[in-house]
Amino acid sequence: WDFGVSSPTATIQNPTHQYGDTGVYDVKLVLQDVNGCTDSIIKPIRIYLKPFPDFTYPDSICSNDSVQFINSSTYDLDTIIAWHWDFGTGDTSTLKNPVYLFDSGGTYIVTLTVTGISGCDTSIAYTLSILEGPAVDFGYVNVCIGDTVNFLDSTTGTGLDSWFWDFGDTSTINTSQNPVHYYSDTLTYFVNLTVTNDIGCSITIEKMIDIVSLPEDSFEIPFSCSDILTGFYDLSTTSDGSITGWAWDFGDSNSSTLQNPSYIYAAGGDYLVTLIVTTNYGCKDTLSDSLSILQSPIPDFTFVSKCEKDD
């Protein structure tokens, strides 16, 4: 083997050679058989520069917060076509400029490997110190229009120092840990909670909340009398979700949770019937109406005993 440079040649079948500079080299292979016959072939080989990998990242990084990594690699004589990131956690990415979230604080070695069209690749690694940030989360109850929504902070972490709530409407920022808020319209709102700890890590989470309308309670009761079945017919509607609960009060200390119950009143009179309907969101509406139950006649008769032959 002649590698096209002034370095020594090789006489093994499959040699390796390291070139000291870029360029095109004519590599010559001469073969000789057992009879002393020889033949040769020359092929050009191009030697490329390796790419120069590099990347940037924020000066201060907290766990539970998204980190933007910016690729700044260069390649003078070629084009970079592939990026491979190893975040030191077992997770990887092939994006050019990935975003990554570290689950916990600590020291991590982040490695970027870039590859050019030629197939040449090079790596660079930086050691990152990740501060321990809070794991922000929250829940809420009461999403019915007309109610105040209770927001419940469930953030975990040490040294929690402040809370900032943006309720997604025109209201001002609230700094309570567990605030209440009143929404005036049945809309979708995007609520943001930012929690900061005593080492300066501020983490934000956003959740969508739907404020829903109340159901419209309605029912019908046909004319009825005592001692016979009286039918109660629910006619309630809702524009959000579905009605899932019914609570009837028949006005005489008896009740039912059926949608369309039947009931027997023991005596005639005026009764205040109440129906409370509940949707799958927990929203309720109540309607009461007076019902007049007529007293049914009480059947009875008398008789006089008579003999068969009496006139």
Checklist entry - CD of Gln259 to CH2 of Trp246: how many Å apart, nearest 0.5 Å? => result 4.0 Å
Checklist outcome for this item: Minimal heavy-atom distance between Ser290 and Leu272, with the atoms involved, is N-CD1, 4.1 Å
Checklist entry - Any side-chain heavy atom of Phe164 sitting closer than 4.5 Å to one from Thr175? => result yes
Next on the checklist: Go through it in stages, so that I can follow the logic: the residues are Lys28 and Ser40, the test is side-chain contact (heavy atoms from CB on, under 4.5 Å), and I'd like the CA-CA distance, side-chain angles, deciding distance and then a yes or no.
Outcome noted: CA-CA 7 Å; Lys28 181 178 181 181; Ser40 64; 3.9 Å; yes
Checklist entry - Does a side-chain heavy-atom distance below 4.5 Å link Asp153 with Leu193? => result yes
Item to check | Heavy-atom side-chain proximity of Phe69 to Val67 below 4.5 angstrom | outcome: yes
Checklist entry - Could you state the interatomic distance from CG (Leu160) to CG (Asp198), rounded to the nearest 0.5 Å? => result 8.5 Å
Item to check | Enclosure of Tyr233 OH (heavy-atom neighbours >12, cutoff 6.0 Å) | outcome: no
Checklist entry - If every non-hydrogen atom of Cys201 is compared with every non-hydrogen atom of Leu131, which pair is closest and at what distance? => result SG-CB, 3.6 Å
Next on the checklist: Please tell me whether Asp2 and Thr9 have a donor and an acceptor in their side chains that are separated by less than 3.5 angstrom.
Outcome noted: no
Item to check | Among Pro222, Ser224, Pro261, Ser256, the one residue meeting side chain to side chain contact (heavy atoms under 4.5 Å, CB included) with Phe232 | outcome: Pro261
Item to check | side-chain hydrogen bond (donor to acceptor under 3.5 Å, both in side chains) between Asp121 and His84, intermediate numbers included | outcome: CA-CA 10 Å; Asp121 59 35; His84 183 273; over 6 Å; no
Next on the checklist: Please evaluate residues Thr89 and Tyr100 with respect to the criterion side-chain hydrogen bond (donor to acceptor under 3.5 Å, both in side chains), reporting the C-alpha separation (whole Å), side-chain torsions for both, the decisive distance (0.1 Å), and the verdict.
Outcome noted: CA-CA 11 Å; Thr89 61; Tyr100 186 70; 2.6 Å; yes
Next on the checklist: Show, in sequence, the C-alpha distance, side-chain angles and deciding distance for Thr230 and Ile221, and conclude whether the side-chain contact (heavy atoms from CB on, under 4.5 Å) test is met.
Outcome noted: CA-CA 8 Å; Thr230 299; Ile221 309 172; 3.7 Å; yes
Item to check | Tyr75 side chain to Pro53 backbone, donor-acceptor under 3.5 Å | outcome: no
Checklist entry - With no hydrogens and no angle check, do the side chains of Tyr126 and Asp54 hold a donor and an acceptor under 3.5 Å apart? => result yes
Next on the checklist: Do Thr122 and Lys50 pair up side chain to side chain, a donor and an acceptor below 3.5 Å, judged on atom types alone?
Outcome noted: no
Item to check | Flag if over 12 foreign heavy atoms under 6.0 Å of CD, Gln68 | outcome: yes
Checklist entry - Regarding Asn280 and Thr244, is there a side-chain donor-to-acceptor distance under 3.5 Å anywhere? => result no
Checklist entry - In terms of the angle between their ring planes, are Trp165 and Phe138 parallel, tilted or perpendicular, with boundaries placed at 30° and 60°? => result perpendicular
Checklist entry - Are Ser213 and Thr186 close enough that a side-chain donor and a side-chain acceptor fall under 3.5 Å? => result no
Checklist entry - With a 4.5 Å limit on heavy-atom distance, are the side chains of Ser93 and Phe87 in contact? => result yes
Checklist entry - Can you hop from Ile211 to Leu187 via hydrophobic side chains spaced under 4.5 Å? => result yes
Next on the checklist: Between Asn197 (side chain only) and Glu132 (backbone N and O only), is there a donor and an acceptor less than 3.5 Å apart?
Outcome noted: yes
Checklist entry - Can you tell if the side chain of Asn14 reaches within under 4.5 Å of the side chain of Ile12, non-hydrogen atoms only? => result no
Next on the checklist: Using the rule given for side-chain hydrogen bond (donor to acceptor under 3.5 Å, both in side chains), can you reason through Asp270 versus Ser292, listing the C-alpha separation, both sets of side-chain angles and the distance that settles it, and then say yes or no?
Outcome noted: CA-CA 4 Å; Asp270 293 328; Ser292 294; 2.6 Å; yes
Item to check | Side chains of Ser226 and Gln295, donor plus acceptor under 3.5 Å | outcome: yes
Checklist outcome for this item: Rounded to the nearest 0.5 angstrom, the CD-CG distance for Glu206 and Asn192 is 4.5 Å
Next on the checklist: Do Cys283 and Val212 have side chains that approach each other closer than 4.5 Å (heavy atoms only, starting at C-beta)?
Outcome noted: yes
Checklist entry - Tell me, do Asp252 and Tyr265 make a side-chain contact under 4.5 Å, heavy atoms counted? => result yes
Checklist entry - Going only through I, L, V, M, F, W and Y residues with side-chain contacts under 4.5 Å, is there a path from Val30 to Ile42? => result no
Next on the checklist: Under a 3.5 Å cutoff, is there a donor and acceptor pairing between the side chains of His181 and Asp169?
Outcome noted: yes
Next on the checklist: I'd like to know whether Asp161 forms a side-chain hydrogen bond (donor to acceptor under 3.5 Å, both in side chains) with Thr196, so could you lay out the CA-CA distance, the side-chain angles of the two residues, the decisive distance to 0.1 Å, and finally the verdict.
Outcome noted: CA-CA 6 Å; Asp161 190 57; Thr196 304; over 6 Å; no
Next on the checklist: Is there a continuous path of hydrophobic side-chain contacts, each under 4.5 Å between heavy atoms, that joins Phe151 to Ile145?
Outcome noted: yes
Checklist entry - More than 12 heavy atoms of other residues, nucleotides or ligands under 6.0 Å from CD of Gln32: is that the case? => result yes
Item to check | Leu152, CG: over 12 other non-hydrogen atoms inside 6.0 angstrom | outcome: yes
Next on the checklist: Between Leu31 and Leu29, does the side-chain contact (heavy atoms from CB on, under 4.5 Å) criterion hold? Intermediate values first, please.
Outcome noted: CA-CA 7 Å; Leu31 296 178; Leu29 171 61; 4.0 Å; yes
Checklist entry - Yes or no on ring-ring contact (aromatic ring centres under 6.0 Å, His included) for Trp248 and Tyr263, after CA distance, side-chain angles and deciding distance? => result CA-CA 11 Å; Trp248 293 89; Tyr263 181 67; over 10 Å; no
Next on the checklist: Asn150 vs Asn178, test: side-chain contact (heavy atoms from CB on, under 4.5 Å). Steps then yes/no.
Outcome noted: CA-CA 7 Å; Asn150 296 303; Asn178 298 297; over 6 Å; no
Checklist entry - Between CD1 of Ile70 and OG1 of Thr56, what distance do you get to the nearest 0.5 Å? => result 5.5 Å
Next on the checklist: Can you tell me how the ring of Tyr57 sits relative to the ring of Phe55, calling it parallel under 30°, perpendicular over 60° and tilted otherwise?
Outcome noted: tilted
Item to check | Hphob cluster co-occupancy, Trp1 + Ile45, side-chain heavy atoms under 4.5 angstrom | outcome: yes
Checklist entry - So how far is it from Asn64 CG to Thr204 OG1, rounded to the nearest 0.5 Å? => result 12.0 Å
Item to check | Distance-minimising heavy-atom pair for Ser288 and Thr274 | outcome: OG-OG1, 2.7 Å
Item to check | Positive for side chain to side chain contact (heavy atoms under 4.5 Å, CB included) with Val149, one of Ile209, Val180, Val141, Val191 | outcome: Ile209
Checklist entry - Will you find, in the side chains of Thr238 and Asp240, an N or O donor that is under 3.5 Å from an N or O acceptor? => result no
Item to check | Flag if over 12 foreign heavy atoms under 6.0 Å of CG, Leu229 | outcome: yes
Item to check | Minimum heavy-atom distance between Ser218 and Leu287, given as atom pair plus value | outcome: CA-CD2, 3.8 Å
Next on the checklist: Treating Asp166 as the side-chain partner and Ile173 as the backbone partner, does any N or O pair qualify as donor plus acceptor under 3.5 Å?
Outcome noted: no
Checklist entry - Can Ile205 be reached from Phe167 by stepping across I, L, V, M, F, W or Y side chains whose heavy atoms are under 4.5 Å apart? => result yes
Item to check | Test item: Ser171 and Tyr182 side chains (from C-beta on) under 4.5 Å apart, heavy atoms | outcome: no
Checklist entry - Is the Tyr108 ring parallel, tilted or perpendicular to the Phe102 ring (thresholds 30°, 60°)? => result tilted
Item to check | Test salt bridge (charged side-chain N to carboxylate O under 4.0 Å, His left out) applied to Lys207 - qualifying residues, sequence neighbours left out | outcome: Asp137
